[in-house]
Amino acid sequence: MALICVNFFSTSLARTVPLNVVLPVDKQTEALDAEAAGRVYEPHVPAGGFKTLYLLHGIFGNYTDWVSGTCIQRWAEERDLAVVMPSGDNMFYVDQPAAHDLYGRFIGEELVALTRAMFPLSARREDTFIGGLSMGGYGALRNGLRYARTFGAVAALSGTLHAEDVAGRGGAGAPFFRSRAFAGAVFGDAGAVAGSDRDPARLAADLAAEGGPMPRIYLGCGTRDPLLASNRAAAAELRGLGYDVTYEEAEGGHEWGHWNRAIERVVDWLPLGEAVAGIGSGNVRV
């Protein structure tokens with residue numbers, strides 16, 4: 001399994017940014033014996049390129065979170081799935097033009113175009129997916145709906161559909177990321193978020209009304225997560241709009257133990273098809 005760290009200049013963010021990519025292009029499918037050693041090596045690339053999951057981290061995290069916090073690398077290799085993991089800082093993956101921090105455009109347009117140019121990734125919408133946890137769950141829903149012509153499936157773990165859950169913040173004594181000042185810096189006027197393009201609920205309703213391509217959606221949440229009620233409501237609301245929604249609850253809170261188990265279910269849910277078995281430390285064929 002190739003785990004690749006990339007640094008590149010982003011025009012959307014006006015700076016050099018990091019990226020982790022899991023790419024099973026080096027998968028070994030034949031015995032590593034003397035006879036095989038004399039053969040010309042051919043990289044393992046599915047016809048049409050790898051199906052790809054763009055995976056977003058939560059607040060306080062960065063591009064290393066998913067690899068260090070879950071087994072996504074192993075499951076990606078087993079299923080012939082490329083996984084692209086950018087950094088979104090603490091900015092909820094929305095555009096902030098005044099600072100030229102165009103995180104939404106970065107995720108929905110630039111990142112997809114650049115990684116397709118860099119790696120053997122499928123260019124088909126039905127092979128391109130976006131997911132995330134917590135802040136990244138919101139980012140996946142917002143950008144998966146905003147750029148629905150790019151992403152065929154969206155997975156949000158412990159995320160939220162409703163703008164007021166992220167823009168409606170507490171007062172004195174709240175941690176900075178739940179403060180009104182932080183919400184104003186990221187989302188603008190809290191009263192103007194609902195119904196804007198930062199509101200996934202509005203984006204979902206508009207997309208359904210327009211008859212545009214509606215991505216399949218996976219929502220997952222732990223039974224001890226403070227966002228449980230919001231996730232239940234989101235699943236019902238999206239189904240009411242006509243979306244194909246898979247909603248699952250599992251024991252756990254807003255923490256990595258739950259997300260590690262949940263991302264495996266997401267990979268199983270994605271339309272990946274049969275994968276070629278590879279030889280490695282978890283499969284030595286003895």
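Everything numeric here is computed off the predicted structure, so don't read it as measured data. Sequence positions, counted from 1, serve as the residue numbers for this chain.
- A side-chain donor from one of T128 and R116 sits under 3.5 Å from a side-chain acceptor of the other.
- Here the CD1-OH distance, from I107 to Y54, works out to 10.0 Å after rounding to the nearest 0.5 Å.
- Counting only heavy atoms from C-beta outward, the side chains of F50 and L23 approach each other to under 4.5 Å.
- A distance-only check finds no donor-acceptor pair linking the side chain of E210 to the backbone of G212 [under 3.5 Å].
- Across all their heavy atoms, G132 and A140 have their closest contact at N-CB, 3.8 Å.
- In this model, a donor atom of one side chain and an acceptor atom of the other lie less than 3.5 Å apart for D225 and S158.
- The main-chain N or O of G257 is found under 3.5 Å from a side-chain atom of R261 such that the two form a donor-acceptor pair.
- Legend: salt bridge (charged side-chain N to carboxylate O under 4.0 Å, His left out) pairs involving residues 89-99, not counting sequence neighbours, sorted by first then second residue: R15-D89.
- With sequence neighbours left out, the salt bridge (charged side-chain N to carboxylate O under 4.0 Å, His left out) criterion links R239 to no other residue.
- Checked by atom type and distance alone, the side chain of S230 never pairs as donor or acceptor with a backbone atom of L227 at under 3.5 Å.
- Under a 4.0 Å N-O distance rule, the pair D197/R142 qualifies as a salt bridge.
- Counting heavy atoms from C-beta outward, L56 and W66 have side chains that stay 4.5 Å or more apart.
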Between H100 and L13, is a side chain to side chain contact (heavy atoms under 4.5 Å, CB included) present by the stated rule, with each step listed?
-> CA-CA 6 Å; H100 202 83; L13 302 176; over 6 Å; no

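- Using a 4.5 Å cut-off on side-chain heavy atoms (C-beta onward), R198 and Y138 make contact.
- The closest side-chain heavy-atom distance from M85 to H57 is not below 4.5 Å.
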Side-chain polar contacts of residues 240-247 - donor-acceptor pairs under 3.5 angstrom, sequence neighbours left out - could you list them?
from	atom 1	to	atom 2	distance (Å)
Y243	OH	A204	O	2.7
T246	OG1	W269	NE1	3.2
Y247	OH	E249	OE2	2.8

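- Rounding to the nearest 0.5 angstrom, the gap separating the OG atom in S87 from the OH atom in Y93 is 7.5 Å.
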Are V21 and F119 close enough, and set up right, to give a side chain to side chain contact (heavy atoms under 4.5 Å, CB included), and what steps lead you there?
-> CA-CA 9 Å; V21 180; F119 305 110; 3.8 Å; yes

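- Looking at every heavy atom in both residues, A156 comes nearest to G137 through CB-O, 3.6 Å.
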Determine, step by step, whether W259 and H254 satisfy the side chain to side chain contact (heavy atoms under 4.5 Å, CB included) criterion, reporting the C-alpha distance in whole Å, the side-chain angles of both residues, the deciding distance to 0.1 Å, and the verdict.
-> CA-CA 8 Å; W259 295 322; H254 205 80; 3.7 Å; yes

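- Of the inter-residue distances, the one linking L111 atom CG with L19 atom CG reads 6.0 Å to the nearest 0.5 angstrom.
- Using a 4.5 Å cut-off on side-chain heavy atoms (C-beta onward), R125 and P215 make contact.
- Considering CG of D65 and CG of L133, their distance stands at 7.5 Å, rounded to 0.5 Å.
- Taking all atoms of both residues into account, the shortest heavy-atom contact from R79 to D268 is NH1-OD1, 3.3 Å.
- The pair R124-D127 meets the salt-bridge criterion, since a charged nitrogen lies less than 4.0 angstrom from a carboxylate oxygen.
- The side-chain heavy atoms of R216 and F129, taken from C-beta on, include no pair separated by under 4.5 Å.
- Taken from CZ in F151 to CD1 in I130, the straight-line distance is 4.0 Å, to the nearest 0.5 Å.
- Residues V84 and L53 form no side-chain contact, since every pair of their non-hydrogen atoms from C-beta on lies 4.5 Å or further apart.
- Nearest heavy-atom pair, A148 versus L207, reported as atom, atom and distance to 0.1 Å: CB-CD2, 3.5 Å.
- Residues D101 and V94 are not in side-chain contact: their nearest non-hydrogen atoms beyond the backbone lie 4.5 Å or more apart.
- With K51 contributing its side chain and P271 its backbone, the two residues share a donor-acceptor pair below 3.5 Å.
- Taking every heavy atom of both residues into account, A201 and E237 meet most closely at CB-OE2, 3.8 Å.
- Rounded to the nearest 0.5 angstrom, S68 OG and W256 CH2 are separated by 6.5 Å.
- Scanning both residues, H258 and G222, for their nearest heavy atoms gives NE2-N, 3.3 Å.
- Using modelled atom types, one finds a donor on one side chain and an acceptor on the other under 3.5 Å when comparing E110 with S12.
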